[in-house]
Structure formats: C-alpha cells, structure tokens
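Input: a single structure, listed below in structure tokens.
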Amino acid sequence: QVQLVESGGGLVQAGGSLRLSCAASGRTFSNHIVGWFRQTPGIDREFVAAIRWNTGTTKYTDSVKGRFTISSDNAKNIMYLEMNSLKPEDTAIYYCAARIGTDVRTAPGQYQFWGKGTLVTVSS
C-alpha cells in the first residue's frame, strides 16, 4: 500500500517562504513521477510541479516558475517543494501525488496515489 504524507504547511506573510515535504512509503518509486497539486474551494485541483524520480527531470506550472523548486531525496524517499516569494494567490491545500510511469503529466486523473494534503495560507 502506497502512503504519501505531506508536512510543512502553515501561515506565512506574502514574500515569505515555506518548504513542504512528502514522505513516501510502500513501494520503490524508481519508475514513478511524483508531484504537487493544490486546490482552493470551488476550483479544480491544479498542477504545481512534478519530478521524475529516477532522473530528476522537473516540470512546473507557469505561475510558480522561478519561485518554487521541487526536489527529491531518493535515499530517504522524501520529496520537497521549496516555495519562495509566496503570494496570497498561492493559498491552497497542497497535495502530494505519485503516478506510475516515466512521463510527467499535469492532469490529476493521471496520478494513482495521493496524500491527504497540507494547508498553506499566505497573508497579504
């Protein structure tokens, strides 16, 4: 059974930084893509960033490019999302997700495994 557990969310002022973590367990992730999505009430879950576990290839949505960095510690099975220059519009529940495969996809339906989410609130 795959488990993804997020941590690191919280309240931060605009311009500040947070680092989210996603601890993964239950299988070897060498043939997986792991990523972050976010969701606010009334809005569909949105792709934020993803990384191909065995190569480190990354992909970001345009609104976070240059501000967010996704990385992974393969030895510890942990994925990170470093978020800098945060804006109020980054406020959302952030979800860690994983999909079996080697190509990075941005549609939530392409991801088989999900964490429960961690709330990020950015105040203005």
Side-chain angles (χ1 to χ4, degrees):
Q1 182 74 12
V2 174
Q3 278 197 318
L4 301 172
V5 180
E6 304 95 335
S7 61
L11 173 64
V12 64
Q13 287 189 330
S17 300
L18 279 176
R19 187 175 80 159
L20 304 184
S21 300
C22 173
S25 62
R27 66 190 304 153
T28 301
F29 288 86
S30 58
N31 292 321
H32 287 64
I33 305 294
V34 288
W36 291 94
F37 289 76
R38 63 188 180 187
Q39 189 168 24
T40 54
I43 299 178
D44 290 342
R45 199 165 290 190
E46 173 193 27
F47 171 80
V48 176
I51 186 168
R52 185 173 167 181
W53 195 265
N54 60 349
T55 66
T57 303
T58 59
K59 184 179 180 67
Y60 298 90
T61 193
D62 286 346
S63 64
V64 308
K65 284 180 181 177
R67 300 189 299 123
F68 290 12
T69 303
I70 188 171
S71 63
S72 64
D73 184 332
N74 293 11
K76 296 181 180 179
N77 260 18
I78 298 178
M79 177 181 61
Y80 302 100
L81 185 68
E82 186 75 36
M83 305 187 294
N84 299 313
S85 302
L86 282 161
K87 305 175 181 179
E89 51 264 42
D90 295 317
T91 295
I93 298 174
Y94 283 70
Y95 296 91
C96 173
R99 67 177 299 271
I100 301 169
T102 56
D103 54 325
V104 177
R105 303 283 180 90
T106 60
Q110 297 291 329
Y111 288 73
Q112 292 88 12
F113 310 107
W114 291 86
K116 295 183 184 298
T118 184
L119 177 63
V120 172
T121 304
V122 184
S123 63
S124 58

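In this chain, residues are counted from 1 in sequence order.
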Point to revise | Hydrophobic cluster membership, Trp36 vs Val122, 4.5 Å side-chain cutoff | key: yes
Review point. Are Phe47 and Tyr60 in one and the same hydrophobic cluster, where Ile, Leu, Val, Met, Phe, Trp and Tyr link if side-chain heavy atoms are under 4.5 Å apart?
Key: no
Check your understanding: How long is the span from the OG atom in Ser21 to the CG atom in Leu81, to the nearest 0.5 Å?
Key -> 9.5 Å
Review point. Going from OG1 on Thr121 to CG on Asp90, what distance comes out if it is rounded to the nearest 0.5 angstrom?
Key: 11.0 Å
Check your understanding: Do Thr106 and Lys59 pass the side chain to side chain contact (heavy atoms under 4.5 Å, CB included) test, and can you show the C-alpha distance, the side-chain angles, and the key distance before you say yes or no?
Key -> CA-CA 9 Å; Thr106 60; Lys59 184 179 180 67; 3.5 Å; yes
**Study point:** Straight-line distance of Ile93 CD1 to Thr40 OG1, nearest 0.5 Å
**Key:** 9.0 Å
Study note, to complete from the structure: Nearest heavy-atom approach of Ser124 to Ala14 is CA-CB, 4.4 Å
Exercise for review: Mind checking the CD1-SG spacing from Ile78 to Cys22? Nearest 0.5 Å is all I need.
Suggested key: 9.0 Å
Practice item. Supply the atom-to-atom distance Ser71 OG to Met79 CE, rounded to the nearest 0.5 angstrom. Key: 9.0 Å
Exercise for review: Run the numbers on Asp62 and Lys65 for salt bridge (Lys or Arg N to Asp or Glu O under 4.0 Å), then give the verdict.
Suggested key: CA-CA 5 Å; Asp62 286 346; Lys65 284 180 181 177; 3.0 Å; yes
Review point. If Ile, Leu, Val, Met, Phe, Trp and Tyr residues are connected whenever their side-chain heavy atoms lie under 4.5 Å apart, and connections chain through other members, are Val12 and Met83 in the same group?
Key: yes
Review point. Near Asp44 CG, under 6.0 Å, is it more than 12 heavy atoms from other residues, nucleotides or ligands?
Key: no
Exercise for review: Determine the minimum heavy-atom distance between Gly9 and Thr118, stating which atoms define it.
Suggested key: N-OG1, 3.2 Å
**Study point:** Sidechain-backbone polar pair: Glu46 side chain, Gln39 backbone, donor-acceptor under 3.5 Å
**Key:** no
Exercise for review: Quick one: closest heavy-atom pair of Tyr80 and Asp73, and the distance?
Suggested key: CE1-CB, 4.1 Å
**Study point:** Test: Asp103 and Arg52 ion pair at under 4.0 Å
**Key:** no
Review point. Checking side chain to side chain contact (heavy atoms under 4.5 Å, CB included) against Ile70, which of Val34, Thr58, Leu20 comes through?
Key: Thr58
Study note, to complete from the structure: On a heavy-atom basis, the closest approach of Leu18 and Val120 is CD1-CG1, 3.9 Å
Exercise for review: Count the heavy atoms of every other residue, nucleotide or ligand shown that sit under 6.0 Å from CD of Gln3, and state whether that count exceeds 12.
Suggested key: no
Practice item. Using modelled atom types only, decide if a donor and an acceptor are shared between the side chain of Arg19 and the backbone of Glu82 within a distance under 3.5 Å. Key: no
Practice item. Begin with the C-alpha distance, continue with both residues' side-chain angles, and end with the deciding distance and a verdict on side chain to side chain contact (heavy atoms under 4.5 Å, CB included) for Arg99 and Arg105. Key: CA-CA 9 Å; Arg99 67 177 299 271; Arg105 303 283 180 90; 3.5 Å; yes
Check your understanding: Does Gln110 reach the side chain of Val104, with side-chain heavy atoms less than 4.5 Å apart?
Key -> no
Review point. Do Ser72 side-chain atoms and Asn74 backbone N/O form a donor-acceptor pair below 3.5 Å?
Key: no
Practice item. Take Val48 and Phe68 through the test side chain to side chain contact (heavy atoms under 4.5 Å, CB included) and record every step on the way to the result. Key: CA-CA 9 Å; Val48 176; Phe68 290 12; 3.8 Å; yes
Check your understanding: Where do Ile100 and Gln112 come nearest, in terms of heavy atoms and distance?
Key -> N-OE1, 2.9 Å
Check your understanding: Tell me the ring-ring contact (aromatic ring centres under 6.0 Å, His included) pairs involving residues 82-115, sequence neighbours left out?
Key -> Phe37-Tyr111, Phe37-Trp114
Revision key, fill the gap. Between Ala98 and Leu4 the two heavy atoms that sit nearest each other are N-CD1, 3.8 Å
Check your understanding: What is the distance from atom CD of Glu89 to atom OG of Ser63, rounded to the nearest 0.5 Å?
Key -> 8.5 Å
